[in-house]
Chemist: 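Quick one: structure below, then a few questions.
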Amino acid sequence: MADALRLPTLARGRVKAPRSREAKVRLAGFVVLHVVIIAGALVMFFPFLWTIITSITPGATLTNAPALIPSNPSLEPYLRLFSERPFGQVILNSLLLAAITTVVQLVTSSTAAYAFSRLPFRGQGLVFAVYLATMMIPLQVLIVPLFVELKTFGLLNTYLGALLPTFASAFGIFLLRQAVNQVPRDLDEAAMIDGAGHFRNFFSIILPNIRPALATLTVFSFMSSWNSFLWPLVVLRAPELQTLPIALAGLQGQYISDWDVIMAGSVVSVIPMLALYLFAQKYVIQGVASSGIK
């Protein structure tokens with residue numbers, strides 16, 4: 001009787017061994033994976049950390065790199081940045097251009113995406129393909145014709161001239177069209193049966209269901225405008241109209257550069273984008289995942 005009771009116990013003991021080894025393997029893989037992720041995060045974060053340290057180390061240069069823990073940290077470079085240059089006005093200029101560009105692109109991209117997805121017309125696929133093909137044309141190719149066109153209309157050295165070429169985005173239309181395609185058409189049909197037209201359907205059905213994609217486009221549009229350098233450099237000549245990337249490039253002198261002030265400007269330029277991404281991070285991940293972008 002005792003032997004009969006002991007056999008199941010031994011059998012259970014033999015079964016637990018493989019499970020424990022499998023658990024150890026999983027734990028080891030989990031630890032290795034997170035070590036690699038943490039190491040990669042530190043490598044990616046180090047340049048930004050070095051920028052912050054340089055920005056609070058007065059007199060720092062590229063030849064004499066600052067210590068990771070500065071002995072005399074100071075906000076003097078930031079004070080010089082805003083006192084010696086009209087950097088506050090530069091930030092407002094960039095914020096204004098980026099905000100207007102983002103809002104207009106949201107309107108044009110969402111309405112065009114609805115038309116391409118819900119309003120079939122002859123040659124729709126060809127028109128959409130041609131429109132997407134414009135994404136392969138670099139801005140450098142369009143600089144001269146755009147410059148001549150704006151000069152003809154007297155829009156050089158104006159905010160409107162800097163904004164007009166950015167009002168439509170092929171990428172934005174593609175992104176939102178993918179999102180609209182994933183909204184069930186049954187919702188449209190139900191709304192149409194209840195008497196809703198295209199405008200009511202667009203505002204009541206489509207827009208609430210593509211909020212993640214809209215948030216993704218908001219971040220991408222704002223970032224593209226915020227970091228734009230070449231086009232504002234060509235169009236905006238007046239110093240009071242300069243944007244942030246142009247002002248940052250102007251901080252570097254031909255012979256002597258105040259790298260602590262330059263890094264302070266770099267940190268200031270990153271803060272709005274970082275805040276926007278952290279605010280919309282959840283929607284950005286959902287939008288990218290749902291749109292099928294790799």
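Predicted model, so just to flag it, every value in this text is computed and none were measured. Computed over heavy atoms, backbone and side chain alike; hydrogens, waters and symmetry mates excluded.
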Chemist: Holding to salt bridge (charged side-chain N to carboxylate O under 4.0 Å, His left out), I want the full list of residues that pass it with Arg26, two or more places apart in sequence or in another chain.
Modeler: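 In terms of salt bridge (charged side-chain N to carboxylate O under 4.0 Å, His left out), with neighbours along the sequence ignored, Arg26 is linked to Glu22.
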Chemist: Can you name the closest pair of heavy atoms from Leu251 and Arg85 and give their distance?
Modeler: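 That closest heavy-atom pairing would be CD2-NE, 2.9 Å.
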Chemist: Please check: side-chain N/O of Gln105 versus main-chain N/O of Gly172, any donor-acceptor pairing under 3.5 Å?
Modeler: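 Between the backbone of Gly172 and the side chain of Gln105 there is no qualifying donor-acceptor contact (under 3.5 Å).
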Chemist: Is Leu156 reachable from Val144 through a run of I, L, V, M, F, W or Y residues, each pair having side-chain heavy atoms under 4.5 Å apart?
Modeler: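 Different clusters: Val144 never reaches Leu156 through Ile, Leu, Val, Met, Phe, Trp or Tyr contacts under 4.5 Å.
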Chemist: Could you state the interatomic distance from CG (Leu274) to OG (Ser269), rounded to the nearest 0.5 Å?
Modeler: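 Interatomic distance, Leu274 CG to Ser269 OG, rounded to 0.5 Å: 11.0 Å.
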Chemist: Could you note down all residue pairs passing ring-ring contact (aromatic ring centres under 6.0 Å, His included) where residues 69-90 supplies at least one of them, sequence neighbours left out?
Modeler: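 For residues 69-90, and leaving out neighbouring residues, the ring-ring contact (aromatic ring centres under 6.0 Å, His included) pairs sorted by first residue read Phe82-Phe87.
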Chemist: Counting distance only, does the side-chain N/O of Ser110 pair as donor-acceptor with the main-chain N or O of Val107 below 3.5 Å?
Modeler: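 Flag set: sc Ser110 to bb Val107 pair under 3.5 Å.
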Chemist: What distance do Ile173 atom CD1 and Leu132 atom CG have between them, rounded to the nearest 0.5 Å?
Modeler: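 If I round to the nearest 0.5 Å, the distance is 8.5 Å.
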Chemist: Would Leu176 and Tyr114 count as a side-chain contact (heavy atoms from CB on, under 4.5 Å) here? Give the steps.
Modeler: CA-CA 8 Å; Leu176 296 188; Tyr114 180 82; over 6 Å; no
Chemist: So, taking the atom named OG1 in Thr101 and the one named CZ in Phe222, what distance separates them when rounded to the nearest 0.5 Å?
Modeler: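 Reported value, rounded in 0.5 Å steps: 9.5 Å.
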Chemist: Extract all donor-acceptor atom pairs below 3.5 Å that involve side chains of residues 230-249 and protein atoms in other chains or at least two apart in sequence.
Modeler:
| residue | atom | partner | partner atom | Å |
| --- | --- | --- | --- | --- |
| Trp231 | NE1 | Ala162 | O | 3.3 |
| Arg237 | NE | Val234 | O | 3.1 |

Chemist: Hydrophobic clustering (ILVMFWY, side-chain heavy atoms < 4.5 Å, transitive) - are Val103 and Leu160 grouped together?
Modeler: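 Cluster IDs for Leu160 and Val103 differ.
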Chemist: CG of Asp258 to CG of Leu81: how many Å apart, nearest 0.5 Å?
Modeler: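 Here the interatomic distance stands at 10.5 Å.
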Chemist: Phe229 and Ile143: same hydrophobic cluster, using ILVMFWY side-chain contacts below 4.5 Å?
Modeler: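 Cluster IDs for Phe229 and Ile143 differ.
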Chemist: If we ignore hydrogens and angles and just use 3.5 Å, is the side chain of Ser55 paired with the main-chain N or O of Ile52 as donor and acceptor?
Modeler: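 Here the side-chain-to-backbone pair exists.
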Chemist: Only counting residues at least two apart or in another chain, list the ones meeting side chain to side chain contact (heavy atoms under 4.5 Å, CB included) with Ala168.
Modeler: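 Ala168 satisfies side chain to side chain contact (heavy atoms under 4.5 Å, CB included) with Tyr131 once adjacent residues are dropped.
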Chemist: Please round to the nearest 0.5 Å and tell me the distance separating atom CD of Gln124 and atom CG of Leu126.
Modeler: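 If I round to the nearest 0.5 Å, the distance is 11.0 Å.
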Chemist: Hey, can you tell me if Phe30 and His34 have their rings parallel, tilted or perpendicular (30° and 60° cut-offs)?
Modeler: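 Plane angle between 30° and 60°, so tilted.
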Chemist: With the 4.5 Å side-chain cut-off for hydrophobic clustering, are Leu49 and Val267 part of the same group?
Modeler: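 Yes, same cluster.
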Chemist: Indicate yes or no for a side-chain donor-acceptor contact from Thr158 to the backbone of Leu155 under 3.5 Å, with no hydrogens or angles considered.
Modeler: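 Flag set: sc Thr158 to bb Leu155 pair under 3.5 Å.
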Chemist: Fit a plane to each ring of Phe171 and Phe220, take the angle between them on a 0 to 90° scale, and name the class: parallel (under 30°), tilted (30 to 60°) or perpendicular (over 60°).
Modeler: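 Phe171 vs Phe220 ring planes: tilted.
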Chemist: Report the C-alpha distance between Phe121 and Val127 in whole Å, list the side-chain angles of each, state the deciding distance to 0.1 Å, and finish with yes or no for side-chain contact (heavy atoms from CB on, under 4.5 Å).
Modeler: CA-CA 10 Å; Phe121 55 89; Val127 173; 4.3 Å; yes
Chemist: Within the distance-only criterion (no hydrogens, no angle test), does the side chain of Asn209 pair as donor or acceptor with the backbone N or O of Ile205 below 3.5 angstrom?
Modeler: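 Side chain of Asn209 to backbone of Ile205, a donor-acceptor pair under 3.5 Å: yes, one is there.
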Chemist: Using the rule that two of Ile, Leu, Val, Met, Phe, Trp, Tyr join whenever any of their side-chain heavy atoms come within less than 4.5 Å, decide whether Leu276 and Val104 are in one cluster.
Modeler: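 Different clusters: Leu276 never reaches Val104 through Ile, Leu, Val, Met, Phe, Trp or Tyr contacts under 4.5 Å.
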Chemist: Which heavy atom of Asp188 sits nearest to which heavy atom of Pro184, and what is that distance?
Modeler: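 Where Asp188 meets Pro184 most closely, the heavy atoms are OD1-O, 3.7 Å.
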Chemist: Is there a donor-acceptor pair closer than 3.5 Å between any side-chain N or O of Ser266 and the backbone N or O of Ile262?
Modeler: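 Yes.
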Chemist: Check the surroundings of atom CZ in Phe167: do more than 12 heavy atoms from other residues, nucleotides or ligands lie under 6.0 Å from it?
Modeler: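 Correct, the count exceeds 12.
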Chemist: Which heavy atom in Ile206 sits nearest to a heavy atom in Arg118, and how many Å separate them?
Modeler: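 What the structure gives for the nearest pair is CD1-NH2, 4.1 Å.
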Chemist: Residues two or more places apart in sequence or in another chain: which of them pass side chain to side chain contact (heavy atoms under 4.5 Å, CB included) with Ser224?
Modeler: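 So Ser224 forms no side chain to side chain contact (heavy atoms under 4.5 Å, CB included) with any residue.
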Chemist: Can you name the side chain to side chain contact (heavy atoms under 4.5 Å, CB included) partners of Thr111, sequence neighbours left out?
Modeler: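 Counting only residues at least two positions away or on another chain, Thr111 forms a side chain to side chain contact (heavy atoms under 4.5 Å, CB included) with Phe202.
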Chemist: Which pair of heavy atoms, one from Ser83 and one from Leu79, lies closest together, and at what distance?
Modeler: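 Scanning both residues, the minimum pair turns out to be OG-O, 2.7 Å.
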Chemist: Could you state the interatomic distance from OG (Ser109) to CZ (Arg177), rounded to the nearest 0.5 Å?
Modeler: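 Output value for this atom pair is 13.5 Å.
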Chemist: Strictly distance-based, threshold 3.5 Å: is any side-chain N or O of Ser225 a donor or acceptor partner for the main-chain N or O of Ser221?
Modeler: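 Not confirmed, Ser225 side chain does not pair with Ser221 backbone.
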Chemist: Can you name the closest pair of heavy atoms from Asn181 and Ser117 and give their distance?
Modeler: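 Closest approach of Asn181 to Ser117: OD1-OG, 2.6 Å.
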